[in-house]
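Chain identifiers are assigned alphabetically (A, B, ...) following the order of the sequence lines, protein sequences preceding nucleic acid strands; residue numbering begins at 1 within each chain. If you're wondering where the values come from, they're calculated on a predicted model, not measured in any experiment.
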There are 2 protein chains.
Amino acid sequence: MAKQSVVKMKKPCCDDTGPCRLPADRSAEQMAALAWAIAHPARVRIVRLLISRNTCVCGEIVDEMPLAQSTVSQHLKILKESGLVQGEVDGPKVCYCINPEKLAMLKALVASL
Amino acid sequence: MAKQSVVKMKKPCCDDTGPCRLPADRSAEQMAALAWAIAHPARVRIVRLLISRNTCVCGEIVDEMPLAQSTVSQHLKILKESGLVQGEVDGPKVCYCINPEKLAMLKALVASL
DNA sequence: ATTGCATATCGTCGATGTACGATATGTAAA
DNA sequence: TTTACATATCGTACATCGACGATATGCAAT
């Protein structure tokens, strides 16, 4: 997905001809953004890993993944940007953990489909 | 997401050194593929539209979206490839509807996180 | 057969994703 | 301060997305 794709609006969202569709669109964007975070097998595995070990891990993730360290770091960045994952420096290492609120939000949004 | 990205496996999945991680990976790919289907606001809106009108719609989708007909068709193609949406020709028109099984699978996979 | 409408596909463009190696940054220990 | 390690960022390359207009396809009515 284009994270900040500029969607050209041929129809205004809030006009005189119909009901305001903005809330639905915001929800759709929110949902799409969270879905996008787990729209890659590597990121699904990372999320599962972080959930299974409530003890936040860091470079162990790299060891679990068949990807280069830099690539894993990129995926972690995407997960952080989505809010699903939080990182906190702990000495020379960085501990990652799940953001339970965002995870709950993702679950709720999908469940409400 | 790269739909058919070839992930170079630096570690074999099923070897003598550890437990087979294939099922988890298949599940991760399945989940990522379904998440990818709704990882765009336009596709979220289409899915919601199809759910709200159990009566399968077709070109009405285009009227509801601020996108060109060809673009909507592309999104529908992606949704069809994911299995979340099914299309069936009805005369000159095409009726789309949700695949309840796939939707349930998506919900279950996300809920099982 | 031809016309007309609905939908899909094609071709193109710019933007982004995903992967890697190489390098920079930052922290703790020596 | 220097060294060593962990992580992030950079630069690059290739593939794909997402958007559009234009065109092709398919079906039904004339």
Between [options], which nucleotide gets closest to the side-chain atoms of [X]?
| X | options | answer |
| --- | --- | --- |
| A:Leu67 | C:dC20, D:dC20, C:dT18 | C:dC20 |
| A:Lys80 | C:dA8, D:dA8, D:dC20 | D:dA8 |
| A:Lys93 | C:dA8, D:dA6, D:dC20 | D:dA6 |
| B:Arg43 | C:dA19, D:dG18, D:dA28 | D:dG18 |

Atom-pair distance ([atom1] on [X]; [atom2] on [N]), nearest Å:
| X | N | atom1 | atom2 | result |
| --- | --- | --- | --- | --- |
| A:Asp90 | D:dC5 | CG | P | 18 Å |
| A:Ile61 | D:dT7 | CD1 | P | 9 Å |
| B:Glu60 | C:dA6 | CD | C1' | 13 Å |
| B:Lys77 | D:dA19 | NZ | C1' | 15 Å |
| A:Met65 | D:dT7 | CE | P | 15 Å |
| A:Tyr96 | D:dA8 | OH | C1' | 8 Å |
| A:Ile46 | C:dA19 | CD1 | C1' | 14 Å |
| B:Leu76 | C:dA6 | CG | P | 16 Å |

Any donor-acceptor N/O pair under 3.5 Å between D:dA6 base and A:Gln69 side chain: no
Distance-only donor-acceptor test, B:Gln74 side-chain atoms vs D:dA19 base atoms, 3.5 Å: yes
Greater than 12 external heavy atoms within 6.0 Å of A:Lys107's NZ: yes
Student check: side-chain heavy atoms of A:Leu106 and A:Ile38 closer than 4.5 Å: yes
Heavy-atom side-chain contact between A:Leu113 and A:Met31 under 4.5 Å: yes
The single option from A:Arg53, A:Arg48, A:Arg45 passing salt bridge (Lys or Arg N to Asp or Glu O under 4.0 Å) against A:Glu64: A:Arg53
Under 3.5 Å donor-acceptor, A:Asn99 side chain and A:Val85 backbone: no
Do the side-chain N or O atoms of [X] get closer than 4.0 angstrom to the phosphate oxygens (OP1, OP2) of [N]?
| X | N | value |
| --- | --- | --- |
| A:Thr71 | C:dC20 | yes |
| B:His40 | D:dT16 | no |
| A:Ser73 | D:dA8 | yes |
| B:His75 | D:dC17 | no |

Residue whose closest nucleotide on DNA chain C lies nearer the 5' end, A:Ser70 versus A:Val89: A:Ser70
